[in-house]
Enquirer: 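The structure that follows is given in the form of structure tokens.
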2 protein chains.
Amino acid sequence: MSDQYSEQAKIFKALCDEKRLRILELLRSGEKCACVLVEILGMPQSSLAYHMKVLCDSGIVDCRQEGKWTHYRISRDGSRHAETLLRSVTTPVQALGSEDTFTCTKQC
Amino acid sequence: MSDQYSEQAKIFKALCDEKRLRILELLRSGEKCACVLVEILGMPQSSLAYHMKVLCDSGIVDCRQEGKWTHYRISRDGSRHAETLLRSVTTPVQALGSEDTFTCTKQC
DNA sequence: ATAATATATCGAAAAATATCGATTTGAGGG
DNA sequence: CCCTCAAATCGATATTTTTCGATATATTAT
């Protein structure tokens, strides 16, 4: 029940940090290796790893292991899922649940 | 420059909290008064006010004053803007900036 | 004016996230 | 097997966000 919301929140949390938005911008031009991201962003390796974990856990970014290197790229499916989710949480519905017929004790 | 990211982050931050996702779900069925939301959610008035401020500041929710009551509803424009933003931050581009031709000192 | 009511704001404390050096893990190379 | 290097994880700390009672503001009714 409330797990539904935390699952949804996880996806948007991935997008709500400035550093991660910067990382996504870099990934828009194509797959990047962690070491490249660290150099471009001038960020400690452990900090980058933290943000990449958040992005990957959300499904928006995919990672690919190649020997000792890890390559990251934007996931088409994950992005589409996020977009669909955003639309669904902001799209009006006609259907009425019990809460929609809720009558306030005040006059509003 | 980095203000661009914080502006974008603000919009996604509005969506990354479970309580706010619940509030949005309630607003999907139509405009609601603050007092109704407080009653349905069983949340202290000041807590609701905080979340409504975050939602309104992001542009995703609009508020309408009517006497002593405040009515909230999902903003069509704000939602569309958020959706467009999400798509833009996750859509690949061909164009190359200087960072895209970055050559790593390693062999990756 | 005074009182009552709805909501916004304040402020302090709690909870969640982010930061980053140190350590561990895991994949080659010699 | 040992060494090196890339990346993940740990752990302690810093920062940000959330919570919520108390107070302020604003509107309406008496």
Enquirer: Would you mind telling me which of D:dT9, D:dT19, D:dA8 lies closest to the side-chain atoms of A:Y72?
Expert: D:dA8
Enquirer: Is there a donor and acceptor pair closer than 3.5 Å between the side chain of A:Q45 and the base of D:dA8?
Expert: yes
Enquirer: A:K53: what forms a salt bridge (charged side-chain N to carboxylate O under 4.0 Å, His left out) with it, not counting sequence neighbours?
Expert: A:D57
Enquirer: Given atom NZ of B:K19 and atom C1' of D:dT17, what is their separation to the nearest angstrom?
Expert: 12 Å
Enquirer: Output the single nucleotide from C:dT19, D:dC10, D:dT19 whose closest atom is nearest the side chain of A:S47.
Expert: C:dT19
Enquirer: Quick one: A:I23 CD1 to C:dA18 P, roughly how many Å, whole number?
Expert: 11 Å
Enquirer: Tell me if the CZ atom of B:R87 is crowded by more than 12 foreign heavy atoms within 6.0 Å.
Expert: no
Enquirer: Tell me whether B:R28 contacts the main-chain N or O of B:I74 through its side chain, where contact means a donor paired with an acceptor under 3.5 Å.
Expert: no
Enquirer: Checking all strands, does B:T70 fall into the base, sugar-phosphate, or nothing category for heavy-atom contacts under 4.0 angstrom?
Expert: sugar-phosphate
Enquirer: Check for a donor-acceptor pair, side chain of B:K68 on one end and backbone N or O of B:E66 on the other, with a separation under 3.5 Å.
Expert: no
Enquirer: Report the distance from atom CD of B:E66 to atom P of D:dA26, rounded to the nearest whole Å.
Expert: 19 Å
Enquirer: When the distance from NZ of B:K13 to P of C:dA18 is rounded to whole Å, what number comes out?
Expert: 9 Å
Enquirer: Under the side-chain hydrogen bond (donor to acceptor under 3.5 Å, both in side chains) test against A:Y5, which residue among B:E25, B:K19, B:E18 passes?
Expert: B:E25
Enquirer: Side chain of A:H51 only, please: which of D:dA7, D:dA6, C:dT19 is the nearest?
Expert: C:dT19
Enquirer: Roughly, in whole Å, what's the span from CE in A:M52 to P in D:dA7?
Expert: 11 Å
Enquirer: Measure from the side chain of A:P44, starting at C-beta and using heavy atoms only, and say which of C:dA18, C:dT19, C:dG21 lies closest.
Expert: C:dG21
Enquirer: Please check the phosphate of D:dA29 (OP1 and OP2 only) for any side-chain N or O of B:K68 closer than 4.0 Å.
Expert: no
Enquirer: Expressed in angstrom and rounded to an integer, what is the separation of B:Y50 atom OH from D:dT18 atom P?
Expert: 3 Å
Enquirer: Nearest-nucleotide wise, let me know which of A:G67 and B:W69 is further upstream toward the 5' end of DNA chain C.
Expert: B:W69
Enquirer: Let me know the distance between CG of B:D57 and C1' of C:dT9, rounded to the nearest Å.
Expert: 13 Å
Enquirer: Classify the nucleic acid contact of B:A34 as base, sugar-phosphate or nothing, counting any heavy atom under 4.0 Å across all strands shown.
Expert: sugar-phosphate
Enquirer: Starting at atom CD of B:E39, determine the distance to atom P of C:dT7, rounded to an integer number of angstrom.
Expert: 11 Å
Enquirer: Name the closest nucleotide to the A:S46 side chain, picking from C:dT19, D:dC10, D:dT28.
Expert: D:dC10
